[in-house]
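Report on the structure given below.
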Amino acid sequence: MTQFFTNLRLLDPQAGTLEPAAVLVRNGVIAEVLGDGATTPEGAELVDCGGHILAPGIVDIGVKVCEPGERHKESYRSAGLAAAAGGVTTMVTRPDTDPAIDSPETLEFVTRRANEAAPVNVVPMAALTKGREGREMTEIGFLMDAGAAAFTDCDRVVTDTKVFSRALTYARSLGALVIAHPQDPGLSKGATVTSGKFASLRGLPAVSPMAERMGLDRDIALIEMTGARYHADQITTARALPALERAKRNGLDITAGVGIHHLTLNALDVADYRTFFKVKPPLRDEEDRLAVVEAVASGLLDIICSMHTPQDEESKRLPFEEAASGAVGLETLLPAAMRLVHAEMMDLPTLWRALSLNPAKRLGLPGGRIAVGAPADMVLFNPDAPFVLDRATLRSKSRNTPFDGMRMQGKVVATYVAGSCVYEAN
């Protein structure tokens, strides 16, 4: 099957360009990138892109799909449909299920379920320690053989440094990537917001931004000791950035990401105890948000993710302290990220490096770029289309989004996985 995509602006994060072009796809793989005005090859199906932007599909690290254990919150089918509608062509899924994905058998089960049900690529991660309890490391080699892309205990910090250092050493010997959550668990225990005047006025238990810096400092020391490949899932405070910059300058194999909610919202958005704004780590002050946006623009922070965490109404419609943390983000990731472009905080190629190219490179995946030989995982979108988000229209089973009722810009027109259209806007 041959398709010819024409009448488009091609967003190339690798070259840092956005210019008119045409793309030839043959059997799900990009065969040729041509100049604007190229003639349609014989026998090719013509796809008129209506002058919209064609970009590599988003690679989203850290998506929670609640299989096994909590299918009523999110299944591979519903998450896959939400991802397709949001321009996400590869979901890198978290192992914080019930039970945790900590054995080859569980990993094979979720891989089979994902292949059956999801219209997009699904790349699973596995737990770093058994049951994510931080006491005994998992069988990293067997899990890699079964297809684990990385190893993480998600938001649970491995507090035993001996266990963590052994796991890092073992992961290094196999070339495995370890993803950790930089946080001092003692300081952050029970906290629901970031400390400051707002937290005091609301009477909510709070955590200092220093807890993140302390957790990152510890992890950096262990990476220096073991030489492991390491990715910090979310860096959300200005105080953690100098330590990250130093670690990179010293040649450590470290990358870091940030969730879209911490780039676009701040601590004041919690307002009158709105639980849809309760995420982990908690939303930060505006100064932190601006510092983190600047770190993405400069390349210090490598990856933007949705941190898609479905919670049902019963988990959220509770007093703020008792409500579950997390927000869905697969469908809102692209329009929320476009806020950074419309506010002129970064350009589109820079944004797409963080959304697509860098996560694919870090995990050794073939996507994240539009180049000859790459899979035709692409998103066609209109960067300026305005809309008001109605959470009732979301495809996720859980609809806990903080963006409900907000004006947004940037709509997905179509999503392609290996050249096949998996979503088309009405």
Side-chain angles (χ1 to χ4, degrees), residues 62 64 66 70 72-74 82 96 154-157 181 183-212 215 233-239 258-293 305-333 335-336 339 388-394 396-408:
K64 180 168 183 181
C66 307
E70 296 176 303
H72 61 285
K73 290 185 179 180
E74 193 80 288
D96 54 344
C154 304
D155 59 0
R156 288 194 192 166
V157 178
H181 182 70
Q183 195 69 232
D184 182 275
L187 272 180
S188 60
K189 189 177 181 183
T192 58
V193 289
T194 301
S195 58
K197 188 178 176 184
F198 176 79
S200 302
L201 287 170
R202 288 289 182 269
L204 292 168
V207 60
S208 165
M210 283 302 286
E212 182 172 282
D233 65 352
Q234 292 195 84
I235 297 294
T236 60
T237 64
R239 287 182 176 177
V258 59
I260 190 62
H261 301 108
H262 291 89
L263 290 170
T264 52
L265 304 168
N266 68 28
L268 298 179
D269 285 308
V270 170
D272 294 321
Y273 308 102
R274 295 194 288 176
T275 58
F276 279 26
F277 289 81
K278 184 181 180 184
V279 292
K280 192 182 282 188
L283 293 173
R284 306 300 191 181
D285 294 335
E286 179 65 2
E287 296 76 28
D288 283 317
R289 184 187 80 84
L290 292 173
V292 169
V293 170
C305 59
S306 69
M307 271 297 145
H308 180 83
T309 306
Q311 301 288 2
D312 54 17
E313 300 290 309
E314 290 78 8
S315 306
K316 281 288 187 183
R317 301 288 185 196
L318 291 168
F320 196 87
E321 283 182 56
E322 296 169 32
S325 296
V328 291
L330 283 167
E331 279 178 84
T332 52
L333 176 56
R339 286 180 168 192
V388 175
L389 185 79
D390 176 5
R391 74 188 189 99
T393 63
L394 295 178
S396 292
K397 284 188 179 182
S398 300
R399 291 166 179 170
N400 51 307
T401 175
F403 296 116
D404 186 38
M406 289 193 189
R407 288 183 173 86
M408 305 188 92

Side chain to side chain, [X] and [Y], heavy atoms closer than 4.5 Å:
X: L283; Y: V279; value: yes
X: S200; Y: S195; value: no
X: V207; Y: P282; value: yes
X: V293; Y: L263; value: yes

_If you take the centroid of each ring, where Trp contributes its six-membered ring, are H261 and F403 closer together than 6.0 Å?_
yes
*Go through the structure and list residues passing side-chain hydrogen bond (donor to acceptor under 3.5 Å, both in side chains) with S315, not counting sequence neighbours.*
D312
*Please identify each residue that fulfils side-chain hydrogen bond (donor to acceptor under 3.5 Å, both in side chains) with D288, with sequence neighbours left out.*
none
Taking every non-hydrogen atom, the tightest pair across [X] and [Y]:
X: N400; Y: P310; answer: OD1-CA, 3.7 Å
X: R339; Y: T264; answer: NH1-O, 3.8 Å
X: T309; Y: K64; answer: CA-CB, 4.4 Å
X: P209; Y: T237; answer: CB-CG2, 3.7 Å

With sequence neighbours left out, write down each residue that passes side-chain contact (heavy atoms from CB on, under 4.5 Å) with [X], or none if nothing qualifies.
X: C305; answer: D60, M307
X: P335; answer: F387, M408
X: R391; answer: F276, E313, R317, L394, R399, T401, D404
X: D184; answer: L187, A211, M214

Is there a donor-acceptor contact under 3.5 Å from the side chain of [X] to the main chain of [Y]?
X: K316; Y: A323; answer: no
X: Q311; Y: G326; answer: no
X: H308; Y: G329; answer: yes
X: T192; Y: P205; answer: yes
X: S398; Y: K73; answer: yes
X: D285; Y: E287; answer: no

What's the separation between atom [atom1] in [X] and atom [atom2] in [Y], rounded to the nearest 0.5 Å?
X: C66; Y: H72; atom1: SG; atom2: NE2; value: 7.5 Å
X: L389; Y: E331; atom1: CG; atom2: CD; value: 8.5 Å
X: Q234; Y: I260; atom1: CD; atom2: CD1; value: 11.0 Å

*Just jot down the ring-ring contact (aromatic ring centres under 6.0 Å, His included) partners of H262, sequence neighbours excluded, or say none.*
none
*asked:* With salt bridge (Lys or Arg N to Asp or Glu O under 4.0 Å) as the rule and sequence neighbours excluded, what pairs involving residues 260-278 come up?
replied: R202-D272
With sequence neighbours excluded, tell me which residues meet salt bridge (Lys or Arg N to Asp or Glu O under 4.0 Å) with [X].
X: K280; value: D155
X: E212; value: R284
X: E286; value: R289

*Dump the intermediate steps for side chain to side chain contact (heavy atoms under 4.5 Å, CB included) on T332 and M406, then the final yes or no.*
CA-CA 11 Å; T332 52; M406 289 193 189; over 6 Å; no
